[in-house]
There are 2 protein chains.
Amino acid sequence: MQNQPYSDTTIDELRQIYLFSSLNDQQLAQIKENMRHIQIDEGNFLFKHGEHAARFFMLKKGHIKLLRLSREGAEKVFEVVSPGETFAEAAMFMPQSSYPMTAQAISDSSILCFENQIVIDILKESWDACSQLMFQMSQRIHMWINEIDHLTLQSATYRLINYLLYQIPDNHKNVYKVKFPVPKHVIASRLSIKPETLSRILHTLNKEGFITVKGSTIRIHNVDRLRLHAVGVDVVSQ
Amino acid sequence: MQNQPYSDTTIDELRQIYLFSSLNDQQLAQIKENMRHIQIDEGNFLFKHGEHAARFFMLKKGHIKLLRLSREGAEKVFEVVSPGETFAEAAMFMPQSSYPMTAQAISDSSILCFENQIVIDILKESWDACSQLMFQMSQRIHMWINEIDHLTLQSATYRLINYLLYQIPDNHKNVYKVKFPVPKHVIASRLSIKPETLSRILHTLNKEGFITVKGSTIRIHNVDRLRLHAVGVDVVSQ
DNA sequence: TATAATCATTGATTAAAATCAACTTTCTAT
DNA sequence: ATAGAAAGTTGATTTTAATCAATGATTATA
């Protein structure tokens, strides 16, 4: 992990971060002044579950997985962070809080790093930014609720189909290619299924004519048909 | 569902709600003026998944379950709300948002009902209240993350033990009685296990000498021993 | 380009919990 | 107090996905 000059991140770039989008130049300049730019090589950790959470992050390049380990060492990936996304910002308002997960680079990554206290001081002055953070936190809550819904009310096959469909813009109806941004076993853990099972599900969906798998690229033959299948898959499997 | 005069809820009572604890008398008076008091009989719905979310709530009396249904009609209880707790306040900051779950009374309930817009206007003026809401939302996020952890990395037995231990104050070491506040099948759904399985797990824990079950009361013989068992239960079961 | 290491697939088997079904207990309302 | 409904328990069986094991494919690297 090495610090780098932050000269290559502009104020305009910061403004594109949703949480900062309503801030003025002076506020953004202050954030820029206090932010750091870090590089993390594949496999290395940005922070670990339980560590004191004093900063949050924006991924510029690479991929980061947010995970937890069971006592027996089993790994559950909660989220795969892609470039442009912020993470760990929800802990900002828990004084003396600790990160609820571990963050590990899946590939060499470039990260912007913000001090919670600096941003909190700015949020105090900006109702808009404040309500944007709350909006974002609401969304997170909804996301996790959906996740629990999928884990408890849906099958592994459904979860995978859902994941695939989620990547596709609404207007696409026919053919579409989805590419896994990270190795299949990471996607599997993200979906709470074992790699073997993911492999079998992909195989079955292929056999049923829904998809063609080529490495990490999934070609969906007919998006609408898969959407329809997702609605019925649990009913059918009874 | 019938409206009632709110005369029996005082300003002081409102101040005990965490989210309102830093507000001044004038702000609390305004909230009181705009709040409503509703009664909901057992089995009836307060709101349904997908409905427009314009208010949030504080349960005064009774019990409310927050649930989702699968397409096949299977019910998953996400949360059992007990008196004194607020709920659905996280949706406040999602404009045009809808409730992510259904709220149904498990027993005859008495509920305070707050208009989102009124509270938002007050939050605008109060940084403290604002940061308290954010703190609360952070906690919710952590809670759901823990929930997913339990669902994916732990067994049904572990989830039940966890639930029991969670009800017990830290200082208790030996015997302790936990009483299920709602029927066992609701607890089962809350823990994402079937009633039959819950029954079997309780039976097994009894056979192993950890607990005695009498109706909805679980007598834990030795809290420390159960805590220790929880740590090892997954390892042992391998 | 060889070689190891990681990742992915496939098959056989197992395990945890769900399902189905019957029955008992408890609660509720008359 | 009693009938009926709802909730809970217990047993037999099935299902989904995990586990175990072996092999094949990719990727990285020496």
Side-chain angles (χ1 to χ4, degrees), chain A residues 41-43 63 65 70 72-77 106-108 150-161 179-207 211-218 233-238, chain B residues 41-43 63 65 70 72-77 106-108 150-161 179-207 211-218 233-238:
Chain A
D41 289 340
E42 180 184 335
H63 281 286
K65 60 179 176 184
S70 73
E72 302 85 61
E75 175 178 310
K76 159 64 185 165
V77 173
I106 301 175
S107 55
D108 295 0
H150 294 154
L151 284 170
T152 55
L153 296 171
Q154 262 97 48
S155 69
T157 300
Y158 185 94
R159 290 205 295 280
L160 172 63
I161 294 178
K179 189 167 156 46
F180 293 137
V182 292
K184 282 198 185 105
H185 67 271
V186 178
I187 300 291
S189 176
R190 159 71 184 74
L191 298 174
S192 300
I193 54 188
K194 297 291 151 189
E196 294 96 322
T197 305
L198 174 59
S199 184
R200 282 183 242 271
I201 292 172
L202 287 172
H203 182 87
T204 305
L205 288 175
N206 173 297
K207 225 174 44 189
I211 61 173
T212 307
V213 183
K214 194 177 176 186
S216 61
T217 302
I218 315 295
V233 70
D234 290 307
V235 179
V236 169
S237 72
Q238 279 196 329
Chain B
D41 290 340
E42 180 183 335
H63 280 287
K65 60 180 177 183
S70 73
E72 300 85 61
E75 174 178 309
K76 159 64 184 163
V77 172
I106 300 175
S107 53
D108 295 359
H150 295 153
L151 284 170
T152 54
L153 294 171
Q154 263 96 47
S155 67
T157 300
Y158 185 95
R159 290 204 297 279
L160 173 62
I161 294 178
K179 188 166 159 44
F180 293 137
V182 291
K184 282 200 184 104
H185 68 272
V186 177
I187 300 292
S189 175
R190 160 72 185 72
L191 297 172
S192 300
I193 54 188
K194 296 293 151 187
E196 295 96 322
T197 305
L198 174 60
S199 183
R200 282 183 244 270
I201 292 173
L202 287 173
H203 182 88
T204 304
L205 288 175
N206 173 296
K207 225 172 46 191
I211 62 173
T212 306
V213 182
K214 193 177 176 186
S216 60
T217 302
I218 315 294
V233 70
D234 290 309
V235 179
V236 168
S237 72
Q238 280 196 327

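Letters go in sequence order (proteins before strands), and every chain restarts at 1. Values reported hereafter were calculated over all heavy atoms of this structure, with side chains retained and with hydrogens, waters and symmetry mates removed.
Across all their heavy atoms, B/Leu153 and A/Ala74 have their closest contact at CD2-O, 3.8 Å. A/Asn206 and A/Thr212 get closest at one heavy-atom pair: ND2-CA, 3.9 Å. The two residues B/Ile201 and B/Thr157 come nearest to each other via the heavy atoms CD1-N, 3.8 Å.
Checking D/dA18, C/dT19, C/dG11 against the side-chain heavy atoms of A/Arg200 singles out C/dG11 as nearest.
Nearest-nucleotide mapping onto DNA chain D: of A/Arg159 and B/Val213, the residue sitting toward the 5' end is B/Val213.
Per the geometry, OH belonging to A/Tyr158 stands 18 Å off C1' belonging to D/dT16, to the nearest Å. Going from atom CG of A/Leu151 over to atom C1' of D/dT16 covers 14 Å, rounded to whole Å. In this entry the distance linking CG of A/Leu202 with P of D/dA17 reads 14 Å, nearest Å. Atom-to-atom, CD1 of A/Ile193 to C1' of D/dT19 comes out at 15 Å; the value is rounded to the nearest Å. If you take CD1 of B/Ile201 and C1' of D/dG8, they are 15 Å apart, rounded to a whole angstrom. One can place CG of B/Asn206 at 13 Å from C1' of D/dT9, the figure rounded to the nearest angstrom. Residue A/Lys194 contributes atom NZ, which lies 14 Å from atom P of C/dA16 at whole-angstrom precision. Whole-Å rounding puts the B/Leu198 CG to D/dG8 P distance at 9 Å.
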- Pair A/Leu191-A/His150, side-chain contact (heavy atoms from CB on, under 4.5 Å): steps then yes or no: CA-CA 9 Å; A/Leu191 298 174; A/His150 294 154; over 6 Å; no
- Message: side-chain contact (heavy atoms from CB on, under 4.5 Å) for B/Val182 and B/Lys65? Distances and angles first, verdict last.
- Response: CA-CA 9 Å; B/Val182 291; B/Lys65 60 180 177 183; over 6 Å; no
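In this structure the side chain of A/Leu205 never reaches within 4.5 angstrom of the side chain of A/Ile218, judged on heavy atoms.
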- Message: One character per nucleotide, please: for nucleotides 23-30 of chain C, 5' to 3', B when the base has a protein heavy atom closer than 4.0 Å, S when only the sugar-phosphate does, - otherwise.
- Response: --------
- Where along nucleotides 21-30 of chain D does protein come under 4.0 Å, by heavy atom, of base (B) or sugar-phosphate alone (S), with - for untouched nucleotides? ----------
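The stretch residues 179-191 of chain A touches DNA chain C through A/Pro183, A/Lys184, A/His185, each having a heavy atom under 4.0 angstrom from the strand.
In terms of phosphate contacts, A/His203 brings a side-chain nitrogen or oxygen within less than 4.0 Å of OP1 or OP2 of C/dT10. OP1 or OP2 of D/dG8 has not a single side-chain nitrogen or oxygen of B/Ser199 nearer than 4.0 Å.
Using modelled atom types, no side-chain atom of A/Ser199 and backbone atom of A/Pro195 make a donor-acceptor pair closer than 3.5 Å. Proximity of a side-chain donor or acceptor of B/Lys76 to a complementary backbone N or O of B/Ser189 within less than 3.5 Å is detected. Although no hydrogens or angles enter the test, the distance criterion places a donor-acceptor pair under 3.5 Å between the side chain of A/Asp108 and the main chain of A/Glu42.
Rounding to the nearest 0.5 Å gives a distance of 12.5 Å between OG1 of A/Thr152 and CD1 of B/Ile193.
Defined by atom type and a distance below 3.5 Å, a donor-acceptor pair is present between the side-chain atoms of B/Ser216 and B/Lys179.
For the side-chain contact (heavy atoms from CB on, under 4.5 Å) with B/Ile211, the lone residue among B/Thr217, B/Thr204, B/Leu202 that qualifies is B/Leu202.
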